[in-house]
Amino acid sequence: THTKTAPLPTYDEVLVCTPNTEEEEVELIVRRALSSDSQNQKIYCLLGAEKLVYKVSKQLESHFFRLLQSSTVPDYRFIIFCNAKAHNSYVTTAFDTYKVTIPCYSKTEIQAYLSTHLKVPCGTAPIAQAFEEPYQQNVKFVFSDQAGMGR
C-alpha cells in the first residue's frame, strides 16, 4: 500500500539488475526474502530483472521456487520489477502468473515523497550544501569516467 510515511528501502532490500548481475547476488536476495528473518517488514526487490542474462534468470526461477517450497514464511515480501515492454525476457515469462500492474504516480508525487525522506537535518551534513538545490538532500549521484579511489 502507498503511504507517504513509509521508509525508503535499505541497501540489503534492493538488487539493481544488469547483464553482469551474478547468480550469487540473485540467490542472496531471494534467500533474504524467504527466510524466517524476513518477518521484519522489509520488502525485497529486484529492479530491472529483465536485464538478467538467461542463465541467471533460470537460476532465479529455480532458487525462488525451491526456497518457496521449503519456506515457512507465509507472507514473504518479494517484488520483481520488469519493464512492461520486455516481452522476450525469461523472468517476465517465468513469473507471469504473479504479474500485477502497479499504479503510476506523478513526477510531483514522487518528488514530494523523496524530498521528505532525503532531507538533511539542519546542521548535520555540510557537504550537502555543495549542491545548489532548493532543498538539501543527503543522497546525490556523482558519475565519473575514472576510478575515484574511494574518495
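Atoms OG and CD, on Ser57 and Glu23 in that order, are 11.0 Å from each other to the nearest 0.5 Å. In this structure, CZ on Arg77 lies 13.5 Å from CG on Leu34, to the nearest 0.5 angstrom. Taking CD from Glu25 and CG from Asn20, the interatomic distance works out to 9.0 Å, rounded to the nearest 0.5 Å. Atom NZ of Lys51 is separated from atom OG of Ser89 by 11.0 Å, given to the nearest 0.5 angstrom.
The side-chain heavy atoms of Leu15 and Leu47, taken from C-beta on, include no pair separated by under 4.5 Å. Taking 4.5 Å as the limit, every side-chain heavy atom of Val56 sits out of range of all side-chain heavy atoms of Leu60. Contact check for Val30 versus Phe78: side-chain heavy atoms found under the 4.5 Å cut-off. At least one side-chain heavy atom of Leu28 sits under 4.5 Å from a side-chain heavy atom of Arg32. You'll find the side chain of Gln59 stays beyond 4.5 Å of the side chain of Leu52, heavy atoms only.
Every residue was checked against the side-chain hydrogen bond (donor to acceptor under 3.5 Å, both in side chains) condition with Asn83, not counting sequence neighbours, and none meets it. Every residue two or more places apart in sequence or in another chain was checked for a ring pair (Phe, Tyr, Trp, His ring centres under 6.0 Å) with Phe81, and none qualifies. Partners of Glu27 under the salt bridge (charged side-chain N to carboxylate O under 4.0 Å, His left out) rule, at least two apart in sequence or in another chain, are Arg31. Judged as a ring pair (Phe, Tyr, Trp, His ring centres under 6.0 Å), and not counting sequence neighbours, Tyr98 has no contacts. Scanning for ring pair (Phe, Tyr, Trp, His ring centres under 6.0 Å) contacts around Phe95 gives Phe64, Phe65, with sequence neighbours left out.
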Check against side-chain contact (heavy atoms from CB on, under 4.5 Å), Leu46 and Ile79: CA-CA 6 Å; Leu46 286 179; Ile79 302 172; over 6 Å; no
May I have the step-by-step check of side-chain contact (heavy atoms from CB on, under 4.5 Å) for Tyr44 and Val14, ending in yes or no? CA-CA 6 Å; Tyr44 296 92; Val14 178; over 6 Å; no
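A pairwise comparison of heavy atoms in Ala49 and Cys82 identifies CB-SG, 3.8 Å as the closest pair.
Looking only at atom types and distance, the side chain of Thr10 has a donor-acceptor partner in the side chain of Glu13 under 3.5 Å away.
Under the salt bridge (Lys or Arg N to Asp or Glu O under 4.0 Å) criterion, no residue pair touches residues 52-67, with sequence neighbours excluded.
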